[in-house]
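First comes the structure, then the notes that go with it.
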Amino acid sequence: MSIWQLVTDSPQKTQRLGRLLGEVAENGTVVLLKGDLGAGKTCFSQGVARGLEVPEDQPVTSPTFVIMNQYPGRVTLYHFDLYRLCGSDDLETVGAEEVLGRDGVCLVEWPEQCDLQIPALNVEFSIASDETRALEVRAADPFHRQLLSRWQQAWEAKAMTPT
Ligand code: ADP
Ligand code: MG
């Protein structure tokens, strides 16, 4: 198990973190985003979309009412919000099983709703204060551990260069 703990002190920083993940992510990546409402999951997802080169005219919004949104990019981005789901039947209905871990980069908000048991990068957001979010990232399988390592390196390299 690889674990990365970090703190972001602005929405911009959370988006930048997401963007770097988008830049290093590959086909088959699954990212489970946990945390309370307002913790920053969608904010982070917007950054990932930028990193995947999703066109700017396709803004990433919360897919709560449609469950899944799909965006074209360097690789396809699938953005799930399972908040309103209550079982794996519903997951089947949206065709999630054909996509998760098989195609594109999948971001999943509220994975707890479906007890998803698939290899993934787990990102847990905690609200520390108005503008501060603590993140804990975990990866257990080799594919996502490697991704986590590339992501961390990209983040640390970025921290060295003045913005
Ligand atoms: P979620 O999808 O987890 O419900 P959103 O990303 O939609 O959360 O909303 C996060 C809210 O918190 C936004 O209004 C954002 O401006 C605010 N915010 C404040 N500080 C941060 C931070 N460090 N990272 C992310 N969002 C933050
Ligand atoms: Mg959201």
Side-chain angles (χ1 to χ4, degrees), residues 2 4-83 94 96 99-111 116 118-139 143-163:
S2 305
W4 184 27
Q5 289 172 315
L6 72 164
V7 170
T8 108
D9 53 15
S10 69
Q12 293 74 21
K13 193 161 172 181
T14 299
Q15 283 200 0
R16 206 147 63 228
L17 189 66
R19 178 155 53 78
L20 286 175
L21 175 60
E23 285 175 13
V24 296
E26 295 170 357
N27 251 314
T29 297
V30 178
V31 186
L32 306 182
L33 301 168
K34 299 184 183 172
D36 292 337
L37 256 160
K41 304 179 293 296
T42 298
C43 172
F44 178 85
S45 301
Q46 289 163 347
V48 175
R50 293 286 83 81
L52 287 172
E53 297 163 36
V54 171
E56 304 265 350
D57 64 356
Q58 306 214 21
V60 172
T61 53
S62 205
T64 301
F65 296 98
V66 294
I67 300 166
M68 184 186 89
N69 277 327
Q70 187 177 340
Y71 303 90
R74 178 172 64 73
V75 300
T76 306
L77 171 62
Y78 297 93
H79 187 204
F80 294 85
D81 188 327
L82 307 184
Y83 193 63
V94 298
V99 170
L100 282 170
R102 297 168 195 263
D103 188 38
V105 169
C106 294
L107 302 179
V108 187
E109 299 192 33
W110 298 101
L116 280 179
I118 44 167
L121 202 61
N122 278 274
V123 185
E124 186 144 5
F125 295 75
S126 317
I127 302 179
S129 76
D130 267 8
E131 293 265 285
T132 313
R133 304 291 185 265
L135 270 68
E136 183 168 286
V137 185
R138 290 170 176 263
F143 178 79
H144 290 94
R145 286 177 70 167
Q146 272 186 21
L147 173 63
L148 173 53
S149 159
R150 289 200 303 279
W151 182 23
Q152 255 179 299
Q153 278 168 22
W155 181 250
E156 276 148 25
K158 198 90 184 176
M160 306 283 187
T161 52
T163 43

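In this structure, the side chains of Leu21 and Leu147 come closer than 4.5 Å at one or more pairs of heavy atoms. Inter-residue side-chain proximity for Thr29 and Phe143 is flagged as met; some heavy-atom pair is nearer than 4.5 Å. Looking at Leu82 and Leu116, their side chains come closer than 4.5 Å, going by heavy atoms from C-beta outward. Taking the side chain as every heavy atom from C-beta outward, Glu26 and Gln146 never approach each other to under 4.5 Å. Side-chain contact between Lys34 and Lys41 is absent, with no heavy atoms from C-beta onward closer than 4.5 Å. In this structure, Asn27 and Asp103 have side chains that are in contact, with non-hydrogen atoms separated by less than 4.5 Å. Looking only at side-chain heavy atoms (C-beta outward), Val60 and Asn69 stay at 4.5 Å or farther from each other. The side-chain heavy atoms of Val31 and His144, taken from C-beta on, include no pair separated by under 4.5 Å.
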Report task. Quick one: do Leu135 and Trp4 satisfy side chain to side chain contact (heavy atoms under 4.5 Å, CB included)? Show the steps, please. Result -> CA-CA 8 Å; Leu135 270 68; Trp4 184 27; over 6 Å; no
Query raised in the report: After noting the C-alpha distance and the side-chain angles of Leu107 and Val48, does the key distance pass the side chain to side chain contact (heavy atoms under 4.5 Å, CB included) rule?
Result: CA-CA 9 Å; Leu107 302 179; Val48 175; 4.0 Å; yes
Report task. For Thr42 and Glu109, run side-chain hydrogen bond (donor to acceptor under 3.5 Å, both in side chains): C-alpha distance rounded to whole Å, both residues' side-chain angles, the deciding distance at 0.1 Å, then the answer. Result -> CA-CA 8 Å; Thr42 298; Glu109 299 192 33; 2.8 Å; yes
Requested in this report: Under the side chain to side chain contact (heavy atoms under 4.5 Å, CB included) rule, what do Glu131 and Asp9 come out as? Steps first, then yes or no, please.
Outcome: CA-CA 5 Å; Glu131 293 265 285; Asp9 53 15; 5.7 Å; no
Requested in this report: Please assess Leu121 against Trp151 for the test side chain to side chain contact (heavy atoms under 4.5 Å, CB included), listing each intermediate value before the final yes or no.
Outcome: CA-CA 11 Å; Leu121 202 61; Trp151 182 23; 3.9 Å; yes
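Of all the heavy atoms in Pro11 and Cys43, the pair that sits closest is O-SG, 3.4 Å. The minimum heavy-atom distance linking Pro59 with Asp57 is given by the pair CD-O, 3.2 Å.
In this structure, Arg138 contributes its side chain and Glu124 its backbone to no donor-acceptor pair below 3.5 Å. In this structure, Arg50 contributes its side chain and Arg16 its backbone to no donor-acceptor pair below 3.5 Å.
With Ser45 as the fixed residue, the side-chain contact (heavy atoms from CB on, under 4.5 Å) test singles out one of Leu33, Leu77, Asp81, Thr61: Leu33.
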